[in-house]
Amino acid sequence: LAKTTQPPSMEAYEGQEVNVSCSHTNIATSEYIYWYRQVPHQGPQFIIQGYKDYVVNEVASLFISADRKLSTLSLPWVSLRDAAVYYCIVTHQGGRALIFGTGTTVSVSP
Amino acid sequence: NSKVIQTPRYLVKGQGQKAKMRCIPEKGHPVVFWYQQNKNNEFKFLINFQNQEVLQQIDMTEKRFSAECPSNSPCSLEIQSSEAGDSALYLCASSLPGTGGWAPLFGEGTRLSVL
């Protein structure tokens, strides 16, 4: 079962790129990696997912190391609205179990 | 724009009272999860279902917590006798299991305050 750990916090200025890492050292071959963001009083919102290599969508990119033990979420050009807690989640048992990361609080200053 | 609908958004109960919350999962998602998120942003797994059947649940759930996911009705989580330590954000999520990497979707949560 994958254990997922993240840095507790990061700070950035508006316009900077922010890279948030997640270590999932025991990830199994069947497990996928997902990233979510959560702001106060709301549930986690999906950002991006991946299995290996590099994935990009309109809001973020995700790099997964070759051994799949580390993933890095990249947020280009952050704004004040990107201030949130970011979680990586690894699915297990074919999506029937979720393993949450410890969460990274990203603070954005003007 | 969450497609998992949780009601109510906020719930205030006195100690010893029942607290019930509901969840409508994303259409076509047979797996439903309930998590408790505390003020330290830690997620605690409570129970999950596939269709109407319980897959896994923790011991705490078996004692004061009950949950069900009947066919053609919302899923529900009920706390029989609320305690102050139950104050938390209760999140419902649904997913489509398999090898396709379908992202679990979360509702907005029900914020329970036990006075």
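Chain identifiers are assigned alphabetically (A, B, ...) following the order of the sequence lines, protein sequences preceding nucleic acid strands; residue numbering begins at 1 within each chain. Excluded from the calculations below are hydrogen atoms, water molecules and symmetry mates; all remaining heavy atoms, backbone and side chain alike, are included.
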Colleague: Considering all heavy atoms of both residues, which atom of A/Gln38 and which atom of B/Leu91 are nearest to each other, and what is their separation?
Modeller: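 Looks like NE2-CD1, 4.3 Å.
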Colleague: Check whether more than 12 heavy atoms from other residues, nucleotides or ligands sit under 6.0 Å from atom OH of A/Tyr51, and answer yes or no.
Modeller: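 Buried by this count: over 12 neighbours within 6.0 Å.
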Colleague: Compare every heavy atom of A/Gly43 with every heavy atom of B/Glu108, then report the nearest pair and how far apart it is.
Modeller: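 The answer is OE1-N, 3.3 Å.
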Colleague: Treating Ile, Leu, Val, Met, Phe, Trp and Tyr as nodes and any side-chain heavy-atom pair under 4.5 angstrom as an edge, say whether A/Leu70 and A/Leu73 lie in one connected cluster.
Modeller: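 As far as the 4.5 Å side-chain criterion goes, A/Leu73 and A/Leu70 are not connected within one cluster.
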Colleague: Does one hydrophobic cluster hold both B/Ile79 and B/Tyr10, with members joined at side-chain heavy-atom distances below 4.5 Å?
Modeller: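 Each belongs to a different hydrophobic cluster.
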Colleague: Could you tell me if the side chain of A/Ile89 sits less than 4.5 Å from the side chain of B/Pro104, heavy atoms only?
Modeller: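 A side-chain contact is absent here, since even the closest heavy-atom pair is not under 4.5 Å.
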Colleague: Please classify the contact of B/Gln56 with chain A as side chain, backbone, both or neither, using a heavy-atom distance under 4.5 Å.
Modeller: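 The answer is the side chain of B/Gln56.
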Colleague: B/Val54 and B/Tyr35: same hydrophobic cluster, using ILVMFWY side-chain contacts below 4.5 Å?
Modeller: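 Yes, it is one cluster - the side chains of B/Val54 and B/Tyr35 are joined through contacts under 4.5 Å.
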Colleague: For the atom pair CG (B/Asn41) and OG1 (A/Thr102), what is the distance rounded to the nearest 0.5 Å?
Modeller: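 One gets 11.0 Å once the value is rounded to the nearest 0.5 Å.
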Colleague: A/Phe63, A/Val59: one ILVMFWY side-chain cluster at the under-4.5 Å cut-off?
Modeller: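 Looking at the clustering, A/Val59 is in a separate group from A/Phe63.
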Colleague: For the atom pair CZ (A/Phe100) and CZ (B/Phe45), what is the distance rounded to the nearest 0.5 Å?
Modeller: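 A/Phe100 atom CZ to B/Phe45 atom CZ measures 10.5 Å (nearest 0.5 Å).
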Colleague: Chain A heavy atoms under 4.5 Å from B/Phe49: which part of the residue, side chain, backbone, both or neither?
Modeller: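 Neither part.
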Colleague: Quick check on A/Glu14: does its CD atom have over 12 non-hydrogen neighbours (other residues, nucleotides or ligands) under 6.0 Å away?
Modeller: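 Buried by this count: over 12 neighbours within 6.0 Å.
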Colleague: Given the side-chain rings of A/Tyr87 and B/Phe43, with only the six-membered ring counted for Trp, is the space between their centroids under 6.0 Å?
Modeller: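 Centroid separation for A/Tyr87 and B/Phe43: below 6.0 Å.
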Colleague: Which bit of A/Phe46 comes within less than 4.5 Å of chain B, counting heavy atoms only: side chain, backbone, both or neither?
Modeller: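 Just its side chain gets close to chain B.
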Colleague: Side chain from CB out, backbone as N, CA, C, O: work out which of these in B/Gln37 comes under 4.5 Å of a heavy atom of chain A, or both, or neither.
Modeller: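 For B/Gln37, the contact with chain A is made by the side chain alone.
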Colleague: Identify the two heavy atoms, one from B/Arg9 and one from A/His41, that lie closest to each other, and give their separation to 0.1 Å.
Modeller: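 Taking B/Arg9 first and A/His41 second, the nearest heavy atoms are NH2-O, 2.6 Å.
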Colleague: Using a 6.0 Å cut-off, check whether atom CG of B/Asn72 has over 12 heavy atoms from anything other than its own residue.
Modeller: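 Incorrect, the count does not exceed 12.
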Colleague: Kindly work out whether a path of hydrophobic side-chain contacts (I/L/V/M/F/W/Y, heavy atoms less than 4.5 Å apart) joins A/Val106 to A/Val39.
Modeller: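 Cluster IDs for A/Val106 and A/Val39 differ.
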